[in-house]
> 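Below is the structure I would like to discuss, written out as structure tokens.
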There are 2 protein chains.
Amino acid sequence: MTDKPNAPNHALIPFGQHVAKLRKNLGISQEELSGRCGLDRTYISGIERGKRNLSLTNVFKLAKALDVPPKVLLDYPEEVVSHDN
Amino acid sequence: MTDKPNAPNHALIPFGQHVAKLRKNLGISQEELSGRCGLDRTYISGIERGKRNLSLTNVFKLAKALDVPPKVLLDYPEEVVSHDN
DNA sequence: TTGTGACTTTCAGTCCGTT
DNA sequence: TAACGGACTGAAAGTCACA
């Protein structure tokens, strides 16, 4: 980890946003997703906010729970989408 | 981690094989790849053999070093390719 | 329904080496 | 050139109480 120690890694934020989007597409809550992939609800929350640098196996679990192939989880524009403007 | 504790995660093996393939496509050694992404030589070796459960940020580093978008690193057939038959 | 800080345990990741 | 092992440090995993 050569990145800033205290800051959440910038690369994790768009990933988390993408996860949140896929989850909402399914119309399920973080808790429902949590149940589906066996990861803690608060852990899911951390992922969606880009606070967690999850490992590959958890990416796979998440992909399965979201019913998409793993590569779809990494298939999003590189830029961070702020709120609107 | 609900997986078997001692066994290397089966899902990591095809991933590692894919990494090795992409690396060889570039015609570079593990050590050269190591230098490009800043990860240890022995760690790269472990990844390619499916022994390592790397984190997302390292997936990104690897993708950059291999000069492919991150999603390509997860874009391979789900089945493990044994040797031939 | 989700965000958050704090916490302990487990393992990611590095560095030394040998085969 | 790569597989593999041991020992070590810091970060991810996983959970909790509470806002």
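The model shown is predicted, which means the values in this text are computed figures rather than measured ones. First the proteins, then the strands, lettered A, B, ... as listed; each starts at 1. FYI, side chains are in, hydrogens and waters are out, and symmetry mates aren't considered; it's all heavy atoms of this structure.
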> Just the rounded figure in Å: distance from P of dT14(C) to CD1 of I44(B).
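The answer, rounded to whole Å, is 8 Å.
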
> What pair of heavy atoms forms the shortest contact from L66(A) to L26(A), and how long is it?
O-CD1, 3.6 Å

> Under 4.0 angstrom, heavy atoms only, what part of the nucleic acid is L54(B) near: base, sugar-phosphate, or nothing?
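Since only primed, P, OP1 and OP2 atoms lie under 4.0 Å of L54(B), the category is sugar-phosphate.
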
> Spell out, as yes or no, whether a donor-acceptor pair under 3.5 Å connects the side chain of H18(B) to the backbone of L74(B).
no

> So, is S45(B) close to the dA2(D) phosphate, meaning a side-chain N or O under 4.0 Å from OP1 or OP2?
no

> Nearest whole angstrom, please: distance from the P of dT2(C) to the CD of Q30(A).
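Value for this atom pair: 5 Å.
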
> Between dA12(D) atom C1' and K61(A) atom NZ, what is the distance in whole Å?
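Whole-Å distance recorded here is 12 Å.
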
> If I take atom CZ in residue R49(A) and atom P in nucleotide dG5(C), what distance separates them, rounded to the nearest angstrom?
8 Å

> Between CG of D67(A) and CG of N25(A), what distance do you get to the nearest 0.5 Å?
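The CG atom of D67(A) sits 12.0 Å away from the CG atom of N25(A).
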
> Would you mind reading off the distance between I28(B) atom CD1 and dA2(D) atom C1', rounded to a whole angstrom?
14 Å

> Which nucleotide sits closest to the side chain of S55(A): dG3(C), dG17(C), dA13(D)?
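Comparing dG3(C), dG17(C), dA13(D) against the side chain of S55(A), the answer is dA13(D).
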
> May I ask you to verify whether the side chain of R52(A) and the base of dT15(D) hold a donor-acceptor pair under 3.5 Å?
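Between dT15(D) and R52(A), which were checked side chain against base, a qualifying N/O pair under 3.5 Å is present.
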
> Looking at every non-hydrogen atom in both residues, tell me the closest pair between C37(B) and L62(B) and how far apart they are.
SG-CD1, 3.9 Å

> Going by atom types only, do E48(A) and Q17(A) share a side-chain donor-acceptor pair under 3.5 Å?
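Not at all, the side chains of E48(A) and Q17(A) share no donor-acceptor pair under 3.5 Å.
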
> Starting from C1' on dC16(C), measure out to OH on Y43(B) and report it in whole angstrom.
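Answer to the nearest Å: 18 Å.
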
> Could a donor-acceptor pair under 3.5 angstrom be found where the side chain of T42(B) meets the base of dC16(C)?
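Between dC16(C) and T42(B), which were checked side chain against base, a qualifying N/O pair under 3.5 Å is absent.
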
> What integer distance in Å separates N53(A):CG from dA12(C):P?
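Computing the N53(A):CG to dA12(C):P distance gives 12 Å.
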
> Rounded to whole angstroms, how far apart are CG on L56(A) and C1' on dG13(C)?
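That distance rounds to 14 Å.
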
> Taking only residues at least two apart or on different chains, which pairs with a member in residues 38-47 of chain B satisfy side chain to side chain donor-acceptor pair (under 3.5 Å)?
D40(B)-T42(B), S45(B)-R49(B)

> Could you tell me whether the side chain of R41(A) has a donor or acceptor atom within less than 3.5 Å of a complementary atom in the base of dG3(C)?
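Pair found.
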
> Name every residue in residues 31-40 of chain B that has at least one heavy atom under 4.0 Å from any atom of DNA chain C, in order of residue number, or write none if there are no such residues.
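Within residues 31-40 of chain B, the residues near DNA chain C are G38(B), L39(B), D40(B).
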
> Can you check whether N58(B) has a side-chain N or O nearer than 4.0 Å to OP1 or OP2 of dG13(C)?
yes

> To the nearest 0.5 Å, how far apart are CZ in R36(B) and CD1 in I28(B)?
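Separation between the atoms: 4.0 Å.
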
